[in-house]
Structures are given as structure tokens and as C-alpha cells.
Amino acid sequence: MSEKPTAPDSHMERGLPAPRDRSEPMFPGGPAADPAGSHHERRIRSFRPRRGRVTPGQGEALRRLWPQWGLDIDGLSRIDLGELFATEAGPRPDLPVVLEIGFGMGEATAQMAAADPGTGILAADVHTPGQGNLLALAERNGLDNVRVANGDAIILLREMLPPASLSGLRVFFPDPWPKKRHHKRRLIQPEFIELAATRLKSGAPLHCATDWEPYAEQMLEVLAASPAFDNSQADGGYTPRPDFRPLTKFEGQGLDKGHLVHDLVFRRNDT
């Protein structure tokens, strides 16, 4: 009796390319797949790692521009923001820097950077297509005040940014984690606000926006309870959308569905 042929046990034997090691970066010289690795504790995350389909243009931007304008959040060293935002003219130690956590595809970030070239925007996200898109927009529009950070913003704040180094913090439309059992994953929690307070300069704004009303209520409750922040609204409520925050495509779609968008602007006090 002849032996039953054995099925190929590897991609190579079947004439297929070996599967990519997901721990390796998608683009050589680009953002790392897991920049912090095992350097820091495993905890409940407020974000879902998202790769997504990267277009050729986004991939090209990641390959060319990441070494110049990108930052992997590895948690291993403190950042000199003046050096990070250096141009051909040299470091910019006096440049005010705002941290934006979660920027999607980067269109709104690019608009804000273009409207305020005297402020640096350190934009942090884990969405590879968005990282490439923002880098491409920055190059196309000559925006030398944008830097893109890849990884966990908590590690960036806690391990890599010096105390009182930020002139603002923006959290626009974070994942609302609508199911009750997932509320612990929401970014805006007392512990996060306490950490953010240590990295913001006196008077610096912490600006949040969401179209999920229960999350807006939680944001207002958490921020109002913090002794380190004061509500910019005298009535203690929500803030009308500031002119500098662009109306995004995502936000427009929510408004078309009847969603209410709430902005909250609190400022770091001297406590």
C-alpha cells in the first residue's frame, strides 16, 4: 500500500511567502509594531491597536518621513521637545507644544497646525494609515510644526515627557467604549487627569470633545472633581466648539445622525 502524501507543512514548501512577523514594523524605518514592548506593565488599554490598509501614498510617507518627523513611544527616555521640533534652523526650545491624543486620519490636526504655525503639535495615535496620512499632509502643506507619535499615550505622558512641558492637551472623539463593562477602558478617568496635570504648564488647556453624551457626562464629572483644573465656562458646563477646532468628517456624520457634540475646556491651575 502506498503511503498517503504528506501535506506541505510550511509556506515555503507550498510556494508561498512566509507570513510577516507581526512584531516587525510594516515599513522599514517606520513606526514600530509594539514600541514599548515588555518594558512597561500590561494593563487595560483605552485603545484598540489598529493597522488597517495603508495606501501606497501613506506607505511612502511613512518610509521617507518617519525618521524625521516620527517618534516611537518606547518609554525608555525623556524627550527634549525643543530638539524633537528642530528644523534646519536648529532646535526650538521656546516653541509651545500641544499633545493631541488620537487624531484619526489627521485632517483636522493638519488644519490646526496650518492655522497656528507658532505652536507645535505632537500627535499620538496607533492607526498606521492615519500616521502615514498625517505625515503626507504635513509635507504637502509645509507644516514643520507637526510630529507624529506611535504608541500608548499614557507611556508618553508618564515616562517620556518632562513635568510642566506641555502648553495644551487635546483629546478629540476618543473611543467611548459604550458598553458598561468596558467603561473602565475609557481614557478620561481620574488617574489620567492626575497624570495629565503633572505635564501641563500652569494655565494650559485640557480640551476634550465627544459625540457620545454619556461619555461627555463622565468627562465633565471627572474634570470638575479634579483640584488641578478649572472649567473655562463660568456656569460649570460644556464649552461651545472653539473656532480653532475644525468640524471633521466624522463629526459631521454624527451631527447628521442627530448626535450632540460636547466640548469641554478646563485649564491647569496653580495647585
Side-chain angles (χ1 to χ4, degrees), residues 17-37 39 47-93 95-153 155-156 159-161 166 170 172 246 248-250:
R20 184 180 63 83
D21 184 347
R22 296 188 67 84
S23 67
E24 295 297 322
M26 291 178 67
F27 304 95
D34 184 14
H39 302 309
F47 59 88
R48 301 181 181 95
R50 295 183 299 150
R51 286 286 185 174
R53 180 179 178 276
V54 177
T55 67
Q58 294 161 1
E60 177 63 17
L62 287 167
R63 292 185 186 92
R64 290 192 301 104
L65 301 174
W66 189 261
Q68 179 183 3
W69 289 342
L71 168 71
D72 277 319
I73 302 173
D74 58 17
L76 297 178
S77 61
R78 283 289 173 92
I79 299 170
D80 183 324
L81 290 174
E83 292 287 347
L84 181 66
F85 282 86
T87 63
E88 292 181 356
R92 292 188 280 182
L95 183 75
V97 175
V98 171
L99 172 63
E100 182 178 356
I101 299 177
F103 56 80
M105 295 304 293
E107 292 94 342
T109 304
Q111 289 181 53
M112 289 185 288
D116 187 10
T119 295
I121 299 180
L122 177 54
D125 209 312
V126 293
H127 190 215
T128 311
Q131 293 167 350
N133 199 58
L134 179 53
L135 287 170
L137 288 170
E139 182 182 51
R140 187 180 311 143
N141 295 288
L143 305 175
D144 63 5
N145 59 331
V146 173
R147 298 294 183 269
V148 180
N150 168 52
D152 188 340
I155 293 176
L156 174 63
E159 309 292 345
M160 302 182 72
L161 289 173
L166 295 174
R170 297 168 182 165
F172 296 157
T248 66
K249 180 180 178 181
F250 170 83

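What you see below is based on every heavy atom in this structure, not just the backbone, and it leaves out hydrogens, waters and symmetry mates.
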Starting at [atom1] of [X], measure out to [atom2] of [Y] and round the result to the nearest 0.5 Å.
| X | Y | atom1 | atom2 | result |
| --- | --- | --- | --- | --- |
| Glu83 | Arg92 | CD | CZ | 11.5 Å |
| Met160 | Asp74 | CE | CG | 4.5 Å |
| Gln131 | Asp125 | CD | CG | 6.5 Å |
| Asp144 | Phe85 | CG | CZ | 9.5 Å |

Nearest atoms (heavy-atom pairs only) where [X] meets [Y]:
| X | Y | answer |
| --- | --- | --- |
| Pro31 | Leu62 | CD-CD2, 3.8 Å |
| Val54 | Gly59 | CG1-N, 3.4 Å |
| Gly151 | Pro35 | CA-CG, 4.2 Å |
| Trp66 | Ala149 | CH2-C, 4.4 Å |
| Leu134 | Gly106 | CD1-O, 3.5 Å |

Exercise for review: Keeping to residues at least two apart or across chains, list the side-chain hydrogen bond (donor to acceptor under 3.5 Å, both in side chains) pairs with something in residues 104-113.
Suggested key: Glu100-Thr109
Name all residues meeting the side-chain contact (heavy atoms from CB on, under 4.5 Å) criterion together with [X]; count only those two or more places apart in sequence or in a different chain, and write none if there are none.
| X | answer |
| --- | --- |
| Asn145 | Ala113, Leu143 |
| Pro117 | none |
| Ser77 | none |
| Ala61 | Leu65, Leu135, Ala136 |

Point to revise | Test side chain to side chain donor-acceptor pair (under 3.5 Å) applied to Asn141 - qualifying residues, sequence neighbours left out | key: none
Once salt bridge (charged side-chain N to carboxylate O under 4.0 Å, His left out) is applied, do any residues pair with [X], and if so which ones, sequence neighbours excluded?
| X | value |
| --- | --- |
| Arg170 | none |
| Asp72 | none |
| Arg140 | none |
| Glu60 | Arg64 |

Practice item. Please test Leu156 against Ile101 for side-chain contact (heavy atoms from CB on, under 4.5 Å), starting from the C-alpha separation and ending with a verdict. Key: CA-CA 10 Å; Leu156 174 63; Ile101 299 177; over 6 Å; no
Practice item. Could you tell me whether the side chain of Asn133 and the main chain of Met105 form a donor-acceptor pair under 3.5 Å? Key: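 Side chain of Asn133 to backbone of Met105, a donor-acceptor pair under 3.5 Å: yes, one is there.
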Exercise for review: Return yes if some donor-acceptor pair links the side-chain N/O of Arg147 with the main-chain N/O of Ala123 below 3.5 Å, else return no.
Suggested key: no
Point to revise | Phe103: partners by ring-ring contact (aromatic ring centres under 6.0 Å, His included), with sequence neighbours left out | key: none
**Study point:** Flag side-chain contact, heavy atom, 4.5 Å: Thr128 against Asn150
**Key:**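 No, every pair of side-chain atoms sits at 4.5 Å or beyond.
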Review point. Would a 4.5 Å heavy-atom cut-off, applied to side chains only, mark Arg53 and Pro129 as touching?
Key: no
**Study point:** Leu122: which of Leu84, Leu166, Val148, Val98 passes side-chain contact (heavy atoms from CB on, under 4.5 Å)
**Key:** Leu84
